[in-house]
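Please read the structure below before turning to the comments.
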Amino acid sequence: MSEFRYELIKECKDTGARLGKIHTKRGVINTPIFMPVGTQATVKSLSSEDLVEMDANVILGNTYHLYLRPGQEIMDKAGGIHKFMNWNRPVLTDSGGFQVFSLNDLRKITEEGVEFISHLDGSRHFMTPEKAIDMQNSIGADIIMCFDECAPAGADYEYTKKSMEMTTRWARRCKDAHKRPEDQALFGIVQGGMFADLRAQSVQELTDIGFPGYSIGGLSVGEPKDVMYRMLDATTPLLPKDKPRYLMGVGSLDALFEGTIRGIDMFDCVLQSRIARNGTAFTSHGKVVVRNATYKEDFTPVDPECDCFVCRNYTRAYIRHLIKTNEILGARLLTYHNLYFTLVTMKKIRQAIMDDNLLAYKEAFFEKFGIAE
RNA sequence: GGGAGAAUGCCCGAGUGGCUAAAGGGGGCGGACUGUAAAUCCGUUGACGACGUCUACGAUGGUUCGAAACCAUCUUCUCCCA
């Protein structure tokens with residue numbers, strides 16, 4: 001029997017926010033949670049020890065990228081991603097569905113699956129729902145995703161409906177192909193673009209199939225934020241309360257609050273780690289572009305209110321210097337801080353739900369943080 | 001002492017009569033970044049109140065309708081022969 005289970009601890013009185021626990025073989029995940037993204041079995045620039053130290057609980061890996069490198073055989077021989085990267089906490093893998101979207105010019109979609117042209121060497125690969133699951137069985141993540149088509153924001157109704165219905169058929173194939181349901185929770189992915197009725201249809205069909213958790217995909221793909229929030233409003237109330245909801249790829253600070261308020265339990269985002277590498281920090285007082293000349297002689301911490309090891313020991317001036325000189329330590333320090341800051345914010349959000357003052361906390365947060373980035 | 005060559009915008013470096021305020025790269029400055037094709041990408045980078053003017057390609061003086069480009073002299077630098 002699977003140990004995977006969602007426990008709803010408390011529902012917010014004023015909003016749709018939920019405080020919960022996801023029980024997995026590798027430990028308990030307190031939700032709502034932010035999951036750092038480690039596409040190629042590494043959160044870029046950080047070690048697994050760093051992630052433990054900052055108290056990250058779940059991290060992501062990516063099926064498509066790990067399938068290309070190091071490849072399925074190595075993942076098998078390594079005994080799965082946990083051993084491979086020395087990380088014994090939960091891992092969630094995306095199926096490669098996002099690459100159907102992001103590698104737009106390098107793939108062809110058919111009912112059977114997706115033909116990718118490798119961005120690495122131009123070689124052709126045919127990814128199917130079955131293969132995506134098989135690969136995820138080899139990677140061995142605790143939570144895995146159905147292979148889906150993530151349609152672009154501009155897709156019209158007709159295309160979006162067909163795409164969503166195919167994603168549903170793929171979801172069934174994924175469930176059928178899954179060989180380790182006892183220790184890998186397979187999530188279905190809700191699609192339906194920017195159309196509320198299609199979102200509802202997607203939820204209905206996926207819940208009919210039945211999954212231990214539900215992801216909401218196809219958002220934050222170029223649409224305005226209010227549209228995304230409207231789609232969440234049209235989706236989460238329809239999802240079963242006893243299963244976790246995962247909003248895929250979303251994680252700007254405002255979206256973490258707004259998503260939580262709309263009943264999302266899990267978030268992941270590359271934004272924190274990517275902008276870190278590009279010289280920007282999220283702080284209590286908003287976005288700080290450490291790279292900018294303003295901070296050349298700023299010998300204060302990245303975020304004076306943060307107690308991460310970066311903020312306790314290093315200055316903006318130093319990190320700016322590292323970024324300007326293209327030293328890898330700069331990327332590492334900012335990545336560490338950005339993720340730490342986000343994880344702490346999520347911890348405070350959980351506490352606020354517990355204390356029945358989520359809306360007040362949100363208001364206080366953005367009063368300092370400023371307008372959402 | 002003799003001979004050859006070079007001097008370009010913050011730096012390197014194209015450019016041998018008008019289309020050159022001057023390619024390209026670097027550096028500087030700024031912006032973007034949301035299930036990672038990203039330590040990436042984009043913009044900008046002589047001055048001044050704008051498709052206008054001014055100052056600019058070592059210096060000075062010429063040739064020409066017009067010069068960063070041609071000529072003369074000077075200055076500095078590099079290389080070769082003694």
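Just so you know, these numbers use all the heavy atoms, side chains as well, and skip hydrogens, waters and symmetry mates. Every value quoted in this text rests on a predicted model; they were computed, and no experiment measured them. Within every chain, numbering begins at 1; the chains are lettered A, B, ... in the order of the sequence lines, protein sequences first and strands thereafter.
Of all nucleotides present, none satisfies the Watson-Crick or G-U wobble test against B/A21 with each distance under 3.5 Å. Using Watson-Crick or G-U wobble geometry with both donor-acceptor distances under 3.5 Å, B/A14 finds no partner in any strand shown. Base pairing of B/C41: its partner is B/G31, meeting the Watson-Crick or G-U wobble criterion (both donor-acceptor distances under 3.5 Å). In this structure, B/C51 forms no base pair with any nucleotide, since neither Watson-Crick nor G-U wobble geometry is met with both distances under 3.5 Å. Nucleotide B/A67 has no partner under the Watson-Crick or G-U criteria, as no pair reaches both atom distances under 3.5 Å. With a 3.5 Å ceiling on both atom-pair distances, the Watson-Crick or G-U wobble partner of B/C74 is B/G58.
Using a 4.0 Å heavy-atom cutoff across all strands shown, A/Leu247 reaches no nucleic acid atom at all. Using a 4.0 Å heavy-atom cutoff across all strands shown, A/Ala331 reaches no nucleic acid atom at all. Using a 4.0 Å heavy-atom criterion, one finds that A/Ile189 contacts the bases of the nucleic acid, with or without backbone contacts as well. Within 4.0 Å (heavy atoms only), A/Ser118 reaches no atom of the nucleic acid at all. As judged by a 4.0 angstrom heavy-atom cut-off over every strand, A/Gly279 is placed among residues making no nucleic acid contact. Residue A/Thr280 is in base contact, counting any heavy-atom pair closer than 4.0 Å across all strands shown.
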For nucleotides 40-42 of chain B, list the nitrogen or oxygen atoms of the protein found under 3.5 Å from its nitrogen or oxygen atoms, one pair per line.
from, atom 1, to, atom 2, distance (Å)
B/U40, N3, A/Asn278, OD1, 3.4
B/U40, N3, A/Asn278, ND2, 3.4
B/U40, O4, A/Asn278, OD1, 3.0

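Dashed line: the shortest gap from a side-chain N or O of A/Gln99 to OP1 or OP2 of B/U36 is under 4.0 Å. Look at A/Ser252 and you won't find any side-chain N or O under 4.0 angstrom from OP1 or OP2 of B/U34. Taking 4.0 angstrom as the limit, A/Gln272 places none of its side-chain polar atoms (N or O) nearer than this to OP1 or OP2 of B/U34. Taking 4.0 angstrom as the limit, A/Lys324 places a side-chain polar atom (N or O) nearer than this to OP1 or OP2 of B/C29.
Atom CD of A/Gln191 is separated from atom P of B/G35 by 14 Å (rounded to the nearest Å). One interatomic measurement links the two molecules: CZ of A/Arg69 to C1' of B/A37, which rounds to 10 Å at whole-angstrom precision. Put simply, CZ on A/Phe101 is 9 Å from P on B/G35, counting in whole angstrom units. A/Asn338 has its CG atom 15 Å from the C1' atom of B/U36, to the nearest Å. If you measure from atom CG of A/Leu339 to atom P of B/U36, you get 14 Å, rounded to the nearest angstrom. To the nearest angstrom, C1' of B/G35 lies 12 Å from CZ of A/Arg274. Atom CE of A/Met145 and atom P of B/U36 are 11 Å apart (whole Å). In this structure, A/Ile275 atom CD1 and B/G31 atom P are separated by 12 Å, rounded to whole Å.
A/Arg312 has no carboxylate O lying under 4.0 Å from a charged side-chain N of A/Asp307, or vice versa, which leaves the two without a salt bridge. Checked for salt-bridge contact, A/Arg180 and A/Asp183 meet the test: a charged N lies under 4.0 Å from a carboxylate O. Using a 4.0 Å cut-off between charged nitrogen and carboxylate oxygen, A/Lys347 and A/Asp55 count as a salt-bridge pair. The pair A/Lys241-A/Glu11 meets the salt-bridge criterion, with a side-chain N (NZ, NE, NH1 or NH2) lying under 4.0 Å from an Asp/Glu carboxylate O. With respect to A/Asp134 and A/Lys179, a salt bridge is recorded, a charged nitrogen being found less than 4.0 Å from a carboxylate O. A salt bridge does not link A/Glu205 to A/Arg172: none of the charged side-chain nitrogens sits closer than 4.0 Å to a carboxylate oxygen. Checked for salt-bridge contact, A/Arg89 and A/Asp142 miss the test: no charged N lies under 4.0 Å from a carboxylate O.
No more than 12 heavy-atom neighbours from other residues, nucleotides or ligands sit within 6.0 angstrom of CD on A/Glu367.
When each of B/A32, B/G35, B/U34 is scored by its nearest atom to the side-chain atoms of A/Lys287, the top-ranked nucleotide is B/A32. When distances run from any side-chain atom of A/Thr294 to the nucleotides B/G30, B/C33, B/G35, the shortest one goes to B/G30. The side chain of A/Asn292 sits closest to B/G30 out of B/G35, B/A37, B/G30.
Note that OH of A/Tyr314 is 6.0 Å distant from CG of A/Leu329, once rounded to the nearest 0.5 Å. In this structure, CD in A/Glu363 is found 14.0 Å from NZ in A/Lys368, a value given to the nearest 0.5 Å.
Of the residues A/Arg107, A/Lys131, A/Arg124, the one that meets the salt bridge (Lys or Arg N to Asp or Glu O under 4.0 Å) test with A/Glu115 is A/Arg124.
Residue A/Ser102 places no side-chain atom within donor-acceptor reach of the base of B/U36, judged by atom type and a 3.5 Å distance cut-off alone.
Between A/Tyr157 and A/Phe195, the gap from one ring centroid to the other is short of 6.0 Å.
For the P atom pair drawn from B/G5 and B/G49, the interatomic distance equals 47 Å after rounding to whole Å. Comparing the C1' positions of B/A14 and B/A69 gives a spacing of 13 Å, expressed to the nearest Å. For the C1' atom pair drawn from B/G43 and B/C33, the interatomic distance equals 15 Å after rounding to whole Å. Comparing the C1' positions of B/A22 and B/G46 gives an interatomic distance of 11 Å, to the nearest angstrom. Comparing B/U78 with B/A32, their P atoms sit 48 Å apart, to the nearest whole Å. Taking the P atoms as reference points, B/C11 lies 22 Å from B/U16, given to the whole Å.
Distance alone, capped at 3.5 Å, places no donor-acceptor pair between the A/Arg332 side chain and the A/Leu46 backbone.
If A/Val289 and A/Leu103 are placed on RNA chain B by their nearest nucleotide, the residue sitting closer to the 5' end is A/Val289.
For the segment residues 35-62 of chain A, residues with any heavy atom less than 4.0 angstrom from an atom of RNA chain B are, sorted by number, A/Val37, A/Thr39, A/Lys44, A/Leu60, A/Asn62.
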